[in-house]
2 protein chains.
Amino acid sequence: MKLSTRGRYGTRALLDLALHSDESPVPLKDIARRQQISLPYLEHLVTPLVAGEIIRSIRGAHGGISLLKSPEKIRLSEVIRLLEGSIAPVECVIHPDICPRVGSCAMCDIWDEIRKAICGVLEGTTLQELVERQRQKEASRNGETLGSEGAVRAEQPKDT
Amino acid sequence: MKLSTRGRYGTRALLDLALHSDESPVPLKDIARRQQISLPYLEHLVTPLVAGEIIRSIRGAHGGISLLKSPEKIRLSEVIRLLEGSIAPVECVIHPDICPRVGSCAMCDIWDEIRKAICGVLEGTTLQELVERQRQKEASRNGETLGSEGAVRAEQPKDT
DNA sequence: TACCATGTTGATTCATTTAGTCGACAATAT
DNA sequence: ATATTGTCGACTAAATGAATCAACATGGTA
Ligand code: FES
Ligand code: FES
């Protein structure tokens, strides 16, 4: 139940793009450098986002990628689906025909509840929210350094 | 973000055990047959559950495995943790020290929300509930065959 | 006691997926 | 033209997942 680098790097790249968007396209090279992702690998991560029409790319000098939709309209669920495929934790939830037990299997219900729970979080988070959250974190981090309000460092999660 | 066979087979095996528990231990052979899991593989799935003190095993003739706790006290979260390890979708949520970005990374918050959402479902489901749900499904399935109330066949999930 | 049925453990194999690189190519600005 | 950028597919290496097997330990039963 771990996210692969596709999901992790891909969302970071998209967030980076949103943070550095100012009309002109952002070159992959810049994103790769800032996010410490190898350029050739990042190219592959970006492909499904282009195909999914979340971003568009422009080739040639001064090219790069840019958002196709405003950040408020880009939901994380859509991004993760493009990067990682179906969100369901088991196949039979989404393709009930592949499992002979569907219909008399109690576990399926639970797996589907988990799918819904994950979708709920992802659906309810937009790129815009991530941008704001990130800006705020960076600001408060700088503030910390300057000596003003820290104390945001919360407790560790109790369960894994 | 897919569950491996450990989680899928393991929970099915445990549910099967709960359904067929009547004081005497249930041989792995029987569970393997009913759940269509190869016996040598099932042995490995059962090991962490024994180590986690959810079930106990008895060797020799008429041996097998049996629950150590009553089904109402066995939460799915515990089972999945034993079978699959940490529930967190990324490492940095549970080991914040491994990622240099922790503390100024907006994504971490989201990954942790997902962890909490999954935990919520898993924590809130006991083996007892699964047993009841399963019995009910089997009953209504037989009812279906006999001609009475079907119509439980719900709609497909809209999102993946 | 001998023997059979069962669980335990670790090694090993095979297949799949993940992560990443590379090279040839296409498009665009200057 | 040429340098810069994205696109695509082939390729490799490493990690993980799935499964099997053999050797052993242990407890019932004849
Ligand atoms: S039907 Fe396949 S796990 Fe429920
Ligand atoms: S700190 Fe590693 S992903 Fe957030």
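Labels below follow one simple rule: chain letters A, B, ... track the order of the sequence lines, proteins then strands, and each chain is numbered from 1. No experiment lies behind these values; they were computed from the predicted model shown.
Rotation axes derived from the C1' atoms of the five outermost pairs at either end of the helix from C:dT1-D:dA30 to C:dT30-D:dA1 lie 0° apart, to the nearest 10°.
Annotation: proximity of residues 6-25 of chain B to DNA chain D (heavy atom, distance under 4.0 Å) is found for B:Tyr9, numbered in ascending order. Listed by residue number, the members of residues 77-91 of chain B with any heavy atom below 4.0 angstrom from DNA chain D form an empty set. Applying a 4.0 Å cut-off to non-hydrogen atoms, the residues of residues 27-38 of chain B that approach DNA chain D are B:Ser38, listed by residue number.
Following rounding to the nearest Å, B:Tyr41 (OH) and C:dC14 (P) show an atom-to-atom distance of 17 Å. Rounding to whole angstrom units, CG of residue A:Leu45 and P of C:dG20 are separated by 9 Å. Atom CG of A:Leu39 and atom P of D:dT5 are 10 Å apart (whole Å). Counting to the nearest Å, the P atom of C:dT17 and the CG atom of A:Leu3 are 17 Å from each other. Straight-line distance from the CE atom of A:Met1 to the P atom of D:dT16: 17 Å, rounded to whole Å. If you take CG of B:Leu42 and C1' of D:dA18, they are 14 Å apart, rounded to a whole angstrom.
Between the A:Gln134 side chain and the B:Ser104 main chain, a donor and an acceptor come within less than 3.5 Å of each other. At distances below 3.5 Å, not a single donor-acceptor pair connects side-chain atoms of A:Lys2 with backbone N or O atoms of B:Lys2. For B:Arg6 (side chain) and B:Glu84 (main-chain N/O), no donor-acceptor pair under 3.5 Å exists by modelled atom type. Listed for the A:Gln35 side chain is no donor-acceptor partner under 3.5 Å among the backbone atoms of A:Ala13.
Pairs engaging residues 119-131 of chain A under the side chain to side chain donor-acceptor pair (under 3.5 Å) rule: A:Ser77-A:Glu123, A:Gln128-A:Glu132 [sequence neighbours left out]. Under the side chain to side chain donor-acceptor pair (under 3.5 Å) criterion, the residue pairs touching residues 46-60 of chain B are B:Arg56-B:Ser66, with sequence neighbours excluded.
Distance CZ/B:Arg34 to CG/B:Leu19: 8.5 Å, rounded to 0.5 Å. Annotation: the span from A:Thr11 atom OG1 to A:Leu76 atom CG amounts to 6.5 Å, rounded to 0.5 Å.
Applying the salt bridge (charged side-chain N to carboxylate O under 4.0 Å, His left out) rule to B:Glu78 yields the partners B:Lys69; only residues at least two apart in sequence or on another chain are considered. Remark: B:Arg133 engages A:Asp109, A:Glu113 in a salt bridge (charged side-chain N to carboxylate O under 4.0 Å, His left out) (not counting sequence neighbours). Partners of A:Arg135 according to the salt bridge (charged side-chain N to carboxylate O under 4.0 Å, His left out) rule, which considers only residues two or more places apart in sequence or in another chain, do not exist here. Taking the side-chain contact (heavy atoms from CB on, under 4.5 Å) definition, one finds that A:Ser24 meets it with A:Asp22, sequence neighbours left out.
OP1 or OP2 of D:dA18 has at least one side-chain nitrogen or oxygen of B:Thr5 nearer than 4.0 Å. Contact check, B:Ser57 against C:dT8: a side-chain N or O comes under 4.0 Å of OP1 or OP2.
Residues B:Tyr41 and B:Val46 are members of one and the same hydrophobic cluster, defined by side-chain heavy-atom contacts under 4.5 angstrom among Ile, Leu, Val, Met, Phe, Trp and Tyr.
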For each nucleotide in nucleotides 22-30 of chain C, reading 5' to 3', give B when a protein heavy atom comes within less than 4.0 Å of its base, S when such contact involves only the sugar-phosphate, and - otherwise.
-> B---BBBSS
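Side chains of A:Cys119 and A:Arg115 form a contact here, defined as non-hydrogen atoms less than 4.5 Å apart. At a threshold of 4.5 Å between non-hydrogen side-chain atoms, the residues B:Leu67 and B:Ile55 count as touching.
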Show every donor-acceptor pair shorter than 3.5 Å between a side-chain atom in residues 90-98 of chain B and any protein atom, with sequence neighbours excluded, or say none if there are none.
residue, atom, partner, partner atom, Å
B:Glu91, OE1, B:His95, ND1, 3.2

